[in-house]
Colleague: 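The structure is given below, and queries will be raised subsequently.
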Protein chains: 2
Amino acid sequence: MGRSSMSEAENKTGKGARVPLTPDRIVEAAFQVIEEVGLDEFSTRKLALKLHCEAMSIYHHFPSKAHLMDALVDSTLADLPPVPDDLPFPERVRVIFVGFRAVGLKRPSFFQFLSVHRLNTPFALTVLDRIIAEFRIVGFDDRTAAHLFRMLGYYVMGATLDETNGYAKGGTSVQVITEDDLRRDYPNVSAAGAYFSAENWDAIFHRGLNILLSEIETLARELPARKA
Amino acid sequence: MGRSSMSEAENKTGKGARVPLTPDRIVEAAFQVIEEVGLDEFSTRKLALKLHCEAMSIYHHFPSKAHLMDALVDSTLADLPPVPDDLPFPERVRVIFVGFRAVGLKRPSFFQFLSVHRLNTPFALTVLDRIIAEFRIVGFDDRTAAHLFRMLGYYVMGATLDETNGYAKGGTSVQVITEDDLRRDYPNVSAAGAYFSAENWDAIFHRGLNILLSEIETLARELPARKA
DNA sequence: ATAATTACCTTACACCGTAAGGTAATCCTT
DNA sequence: AAGGATTACCTTACGGTGTAAGGTAATTAT
């Protein structure tokens with residue numbers, strides 16, 4: 001009973017034309033596997049399984065798993081939506097960070113990787129450069145631009161991380177608490193907990209973002225006028 | 001030439017009285033190893049090496065590595081400084097979150113674990129319960145308490161994570177950019193980058209925290225008066 | 001002193017990332 | 001079309017991981 005699978009591409013001896021491995025195919029499959037099994041359980045062997053190839057074949061296209069993970073970071077950042085040209089200042093920054101949260105939520109398990117890694121790749125730096133440019137172009141000095149950029153980054157990164165932690169596979173403590181225990185032993189968590197569910201996330205996120213952005217807008221208005 | 005080490009405790013056949021393994025000793029050693037080798041390289045065998053015992057001996061005190069990690073989370077949260085009784089409302093919350101950042105920065109590599117795990121342990125819930133209580137006790141309704149708590153949490157978690165990522169072992173991309181490349185290809189990152197170093201972190205962190213806390217203070221003042 | 005219990009160790013297994021080198025498919029040249 | 005070169009993929013193997021199963025040594029209880 002030789003293995004026969006009429007679905008999907010199949011390398012090795014199986015019939016069906018060998019679908020060539022490419023960096024893009026590998027990256028896409030990696031995202032799938034990560035979201036299916038969680039970041040901790042993601043391995044080159046499971047990725048190979050998804051790709052119907054051997055683990056070491058991946059190494060012809062990426063010199064190491066770390067290089068692959070870097071490519072996933074870049075691919076994630078490439079998903080960021082463009083900023084409309086005619087959008088004015090504080091809103092430009094808003095759509096960038098709202099977009100960042102959106103791409104993060106699309107891949108909760110992978111975001112756990114992204115959040116603990118410095119965005120050091122050339123492409124990531126290009127993205128960061130554009131964001132920081134938004135602050136400098138409206139007249140903020142370097143120091144203030146740095147502060148405001150990081151401030152917003154903190155908030156959005158923290159928010160997205162917290163939200164993705166709720167969705168990502170794994171990452172929960174070993175002993176879990178029942179609803180009854182919660183009500184009895186942690187009344188405040190229980191009371192507020194009604195507003196911790198996913199349908200409240202948008203409201204919470206935008207509430208904080210609004211606070212930070214309106215402060216930034218106020219600061220921008222105090223800036224010496226810029227030539228048009 | 002039998003191994004002889006006059007330092008430290010030594011189990012197994014080495015002379016020197018066998019220092020008994022305890023959960024506390026294991027936890028403390030785990031923190032040390034994690035900060036020495038980084039979260040990814042942390043293993044039960046390296047932990048055993050530090051404790052002069054065998055890996056499996058740890059399993060007598062913790063049923064799994066996951067249980068140990070939970071204990072590390074609890075131990076970290078237990079380090080949070082207490083809130084002085086006489087401190088008024090918005091400042092109470094400030095010291096809690098400032099304290100959270102402080103304990104995070106003390107163990108950068110471990111914080112990478114904490115940040116992607118839900119604080120679900122009984123002790124962690126106790127801590128969270130106390131924080132949320134601060135909002136409810138001054139009169140915020142459950143929904144607002146939930147919002148403000150999470151908002152602040154997002155910011156502080158994101159800030160601490162970003163700062164610890166700068167210190168923690170590992171977590172950088174594979175190909176690193178030189179200073180010259182940075183100046184040429186990423187002028188905005190380069191300009192703002194002067195204000196990204198560690199000595200600027202406090203200023204940035206408190207700037208954002210102040211913005212959020214003063215908004216919260218404003219909201220608190222609009223609350224119907226509470227009986228003393 | 002002996003039995004029971006606790007604490008720790010040994011061995012082994014399935015899985016991980018990946019170095020080294022082999023084989024098969026493709027392309028390039030004639 | 002044939003032969004050679006190059007690329008793409010696979011096989012094997014190594015040292016690492018968490019931990020199940022069961023042994024041994026130390027401590028405590030009787």
Side-chain angles (χ1 to χ4, degrees), chain A residues 3 8-27 29-30 33-34 36-72 109 113 117 169-171 173-174, chain B residues 3 8-27 29-30 33-34 36-72 109 113 117 169-171 173-174:
Chain A
R3 65 196 150 74
E8 297 291 335
E10 190 139 342
N11 280 3
K12 308 185 70 172
T13 51
K15 68 176 201 82
R18 169 185 282 190
V19 178
L21 236 38
T22 64
D24 279 358
R25 266 193 75 213
I26 296 172
V27 162
V33 176
I34 288 173
E36 282 168 15
V37 307
L39 188 63
D40 290 344
E41 291 296 313
F42 172 66
S43 70
T44 54
R45 284 176 173 88
K46 284 172 190 157
L47 176 53
L49 217 64
K50 167 80 76 181
L51 288 164
H52 303 287
C53 72
E54 295 301 317
M56 288 310 292
S57 303
I58 295 161
Y59 284 78
H60 183 72
H61 302 271
F62 295 97
S64 76
K65 194 186 182 189
H67 283 83
L68 169 59
M69 298 310 281
D70 271 8
L72 299 188
S109 285
F113 176 88
H117 279 72
K169 301 260 175 180
S173 72
V174 174
Chain B
R3 65 196 149 77
E8 297 292 335
E10 190 138 344
N11 280 3
K12 307 185 69 171
T13 51
K15 69 176 201 85
R18 170 185 282 189
V19 177
L21 235 39
T22 65
D24 280 358
R25 266 192 75 211
I26 295 171
V27 163
V33 175
I34 288 173
E36 282 168 18
V37 306
L39 188 63
D40 291 344
E41 291 295 313
F42 172 65
S43 71
T44 55
R45 284 176 173 85
K46 284 171 190 156
L47 175 54
L49 217 64
K50 168 79 78 180
L51 288 164
H52 303 288
C53 72
E54 294 302 315
M56 287 310 291
S57 303
I58 295 161
Y59 284 78
H60 183 72
H61 302 270
F62 294 97
S64 75
K65 194 187 182 188
H67 283 83
L68 169 58
M69 298 310 279
D70 271 9
L72 299 187
S109 285
F113 176 88
H117 278 72
K169 300 261 174 178
S173 72
V174 174

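In what follows, chains are A, B, ... by sequence order, proteins preceding strands, each numbered from 1.
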Colleague: Mind running side-chain contact (heavy atoms from CB on, under 4.5 Å) on A:M69 and A:L39 for me, showing each step along the way?
Modeller: CA-CA 11 Å; A:M69 298 310 281; A:L39 188 63; 4.0 Å; yes
Colleague: Rounded to whole Å, how long is the line connecting atom CE of B:M56 with atom C1' of D:dA21?
Modeller: 9 Å
Colleague: Can we say A:E36 and A:K50 salt-bridge, meaning some charged N sits less than 4.0 Å from an Asp/Glu carboxylate O?
Modeller: yes
Colleague: Do B:H61 and B:L21 pass the side-chain contact (heavy atoms from CB on, under 4.5 Å) test, and can you show the C-alpha distance, the side-chain angles, and the key distance before you say yes or no?
Modeller: CA-CA 8 Å; B:H61 302 270; B:L21 235 39; 3.4 Å; yes
Colleague: Going by heavy atoms in the side chains, are A:L68 and A:T44 under 4.5 Å from each other?
Modeller: no
Colleague: Any residue in residues 39-48 of chain A with a heavy atom nearer than 4.0 angstrom to DNA chain D? Just list them by number, or reply none.
Modeller: A:R45
Colleague: Looking only at side-chain atoms of B:E54, point me to the closest of C:dT18, D:dT19, C:dT10.
Modeller: C:dT10
Colleague: Could you state the NZ-C1' distance from A:K65 to D:dT17, rounded to the nearest angstrom?
Modeller: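 Rounded to the whole Å, the gap is 12 Å.
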Colleague: Can you give me the N/O atom pairs linking the protein to nucleotides 4-8 of chain D at distances under 3.5 Å, or say none if there are none?
Modeller:
residue: D:dA8; atom: OP2; partner: A:H60; partner atom: NE2; Å: 2.7
residue: D:dA8; atom: O5'; partner: A:H60; partner atom: NE2; Å: 3.4

Colleague: I'd like to know whether B:F62 forms a side-chain contact (heavy atoms from CB on, under 4.5 Å) with B:I26, so could you lay out the CA-CA distance, the side-chain angles of the two residues, the decisive distance to 0.1 Å, and finally the verdict.
Modeller: CA-CA 9 Å; B:F62 294 97; B:I26 295 171; 3.8 Å; yes
Colleague: Between B:T22 and A:Y59, just flag the one whose closest nucleotide in DNA chain C comes earlier from the 5' side.
Modeller: B:T22
Colleague: Do any N or O atoms from the side chain of B:S109 and from the backbone of B:K169 form a donor-acceptor pair under 3.5 angstrom?
Modeller: yes
Colleague: Whole angstrom is fine here: how far is it from CG in B:L49 over to C1' in D:dG15?
Modeller: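 The distance from CG of B:L49 to C1' of D:dG15 comes to 15 Å, rounded to the nearest Å.
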Colleague: Can you tell me how far CG of B:L72 sits from NE2 of B:H117, rounded to the nearest 0.5 angstrom?
Modeller: 11.0 Å
Colleague: How long is the straight-line distance from CG of B:D40 back to CZ of B:F113, given to the nearest 0.5 Å?
Modeller: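 That separation rounds to 12.0 Å.
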